[in-house]
Amino acid sequence: MNSFYRDTWAEIDLDAIYHNVSQLRNFLPNETRILAVVKANAYGHGDAQVAKTALEAGASYLAVAFLDEALALRKKGITAPILVLGASRPNDVHLAAKHQITLTVFQPEWVEQAANLYKGTERVRFHLKMDTGMGRLGVKEEAETKRVIELIDRHPYFSLEGVYTHFATADEINTDYFSFQYHRFLQMLEWLPYKPSLIHCGNSATALRFPNKVFNMVRFGISMYGLSPSPDIKPYLPYEIKEAFSLHSRLVHVKKLKPGEKVSYGATYTAETEQWIGTVPIGYADGWLRKLQNFHVLVNGKKAPIVGRICMDQFMVRLPEPMPIGTKVTLIGRQGDEYISVDDVAQYLDTISYEVLCTISYRVPRIFFRNKSIMEVRNVVLNGNDYV
Ligand SMILES: Cc1ncc(COP(=O)(O)O)c(CNc2conc2O)c1O
């Protein structure tokens with residue numbers, strides 16, 4: 001088990017991941033498959049570890065953003081089907097074939113180029129992306145849709161396994177645009193000369209709010225990590241989900257400031273009274289962003305304000321009382337009766353939980369807990385990303 005040499009770490013509760021996926025498994029009809037979205041290092045939680053846990057809990061498909069992420073999972077021994085949700089290059093189709101990775105298609109020209117370039121005899125699976133109103137990727141017209149399918153079917157080793165769309169507003173209270181996209185999807189599905197085996201449209205919000213509108217597979221992301229797709233729909237979630245991510249550090253320096261003394265770059269903070277200041281070894285290069293100045297962390301179960309500018313690798317807090325070096329600091333998570341959620345950090349930053357999670361950088365080692373005990377430590381700084 002490799003270690004780390006700065007007292008800052010993230011804790012990933014894989015039991016929470018297992019709980020969230022198995023709850024969805026019980027919530028959905030038995031025939032509806034669960035695809036676990038593990039792109040962006042599983043939203044910062046650890047791609048292979050989350051993938052394995054989600055598969056144990058009932059997921060049967062995985063999804064990533066681009067081909068490199070899929071190849072990385074294969075290198076780490078993941079053999080389950082993987083869908084690349086984003087664009088890929090026609091000349092990389094041989095890699096998808098070799099590693100049994102499913103690609104998203106949405107341009108006739110792409111399929112034509114891939115068919116001309118691919119000389120292998122291994123099967124390549126595709127999911128056709130339909131743009132029903134997300135305005136990002138996908139076919140929009142009947143002619144291009146039929147052309148893509150015709151070109152796939154014409155190739156001896158290409159096969160259309162799935163068709164899908166993505167909703168722009170499934171996490172909003174108002175469902176007008178959601179309904180517009182859903183009905184557009186129904187219309188566009190009528191263009192297909194046949195129904196592929198997998199039809200999917202639902203992200204977490206759709207799966208949890210409209211389980212009867214997901215066809216036969218859901219793409220489960222944010223709520224697998226225990227977070228509501230948005231604060232607005234949190235009261236309407238059908239069952240309890242558990243946050244899997246927490247972030248911790250330890251005080252490395254404690255000092256008493258006299259009135260008038262300053263803290264950090266720009267000397268923007270001035271002690272008005274005699275007070276105790278602690279230094280915490282995590283900064284914006286770890287994804288703990290400068291805009292979090294004046295937010296708070298937890299020390300000895302109490303809130304401690306972040307004072308002065310956040311530095312690249314450290315920040316300072318005003319302590320409620322003198323504390324020893326090594327005192328645990330919780331930036332996201334629980335101490336006693338106090339809790340700082342990913343959503344609290346997102347709200348303070350005027351962003352969303354997804355971005356907070358994905359921003360905690362590779363510099364922060366991840367400690368993985370399963371059955372409430374440490375199963376591994378992943379330190380990318382020291383061991384690179386190939387560490388399994
Ligand atoms: C195509 C697609 N399907 C499913 C999901 C999972 O959604 P969920 O995490 O809400 O369950 C995403 C998330 N994609 C993004 C989430 O934030 N920005 C994105 O591009 C996605 O892009």
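Counting starts at 1 for both ligands and their atoms, in listed order.
- For H166, every heavy-atom contact with ligand 1 shorter than 4.0 Å involves the side chain, none the backbone.
- In summary, the side chains of R33 and S60 do present a donor paired with an acceptor at a separation below 3.5 Å, with no hydrogens or angles considered.
- Heavy atoms of other residues, nucleotides or ligands lying less than 6.0 angstrom from CG of N212 number more than 12.
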Please test S353 against I222 for side chain to side chain contact (heavy atoms under 4.5 Å, CB included), starting from the C-alpha separation and ending with a verdict. CA-CA 8 Å; S353 56; I222 193 69; 3.8 Å; yes

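- Among protein heavy atoms, the minimum distance from atom 9 (O) of ligand 1 is reached at Y43 OH, 2.6 Å.
- Residue nearest to atom 7 (O) of ligand 1, selected from N203, I352, L83: N203 (by heavy-atom distance).
- Residue contact check for ligand 1: K39 places a non-hydrogen atom closer than 4.0 Å to it.
- Ranking protein heavy atoms by distance to atom 10 (O) of ligand 1, first place goes to Y354 OH, 2.7 Å.
- Under the 4.5 Å side-chain criterion, counting only non-hydrogen atoms from C-beta, E243 is in contact with V342.
- When hydrogens are left out, the protein atom nearest atom 4 (C) of ligand 1 is R219 NE, 3.4 Å; that is the closest non-hydrogen contact.
- Any N or O atom pair closer than 3.5 Å counts here, and S223 shares no such pair with ligand 1.
- In this structure, Y225 has its ring center at least 6.0 angstrom away from the ring center of F245.
- Residue contacts with ligand 1 include R136, since one or more of its heavy atoms lies under 4.0 Å from the ligand.
- Counting only N and O atoms by type, the side chains of T206 and N203 include a donor and acceptor under 3.5 Å apart.
- Note that atom 18 (N) of ligand 1 has no protein non-hydrogen atoms nearby, at separations under 4.0 angstrom.
- Of the possible donor and acceptor atoms, none in the side chain of S88 sits under 3.5 Å from a partner among the backbone N and O of L67.
- Contacts of S204 with ligand 1, taken as heavy-atom pairs under 4.0 Å, involve both backbone and side chain.
- Taking the six-membered ring where the residue is Trp, the centroids of F185 and Y182 are separated by 6.0 Å or more.
- Here atom 8 (P) of ligand 1 lies nearest to I222 when heavy atoms of V37, L35, V218, I222 are compared.
- By the 3.5 Å distance cut-off applied to N or O atoms, F220 is not counted among the residues near ligand 1.
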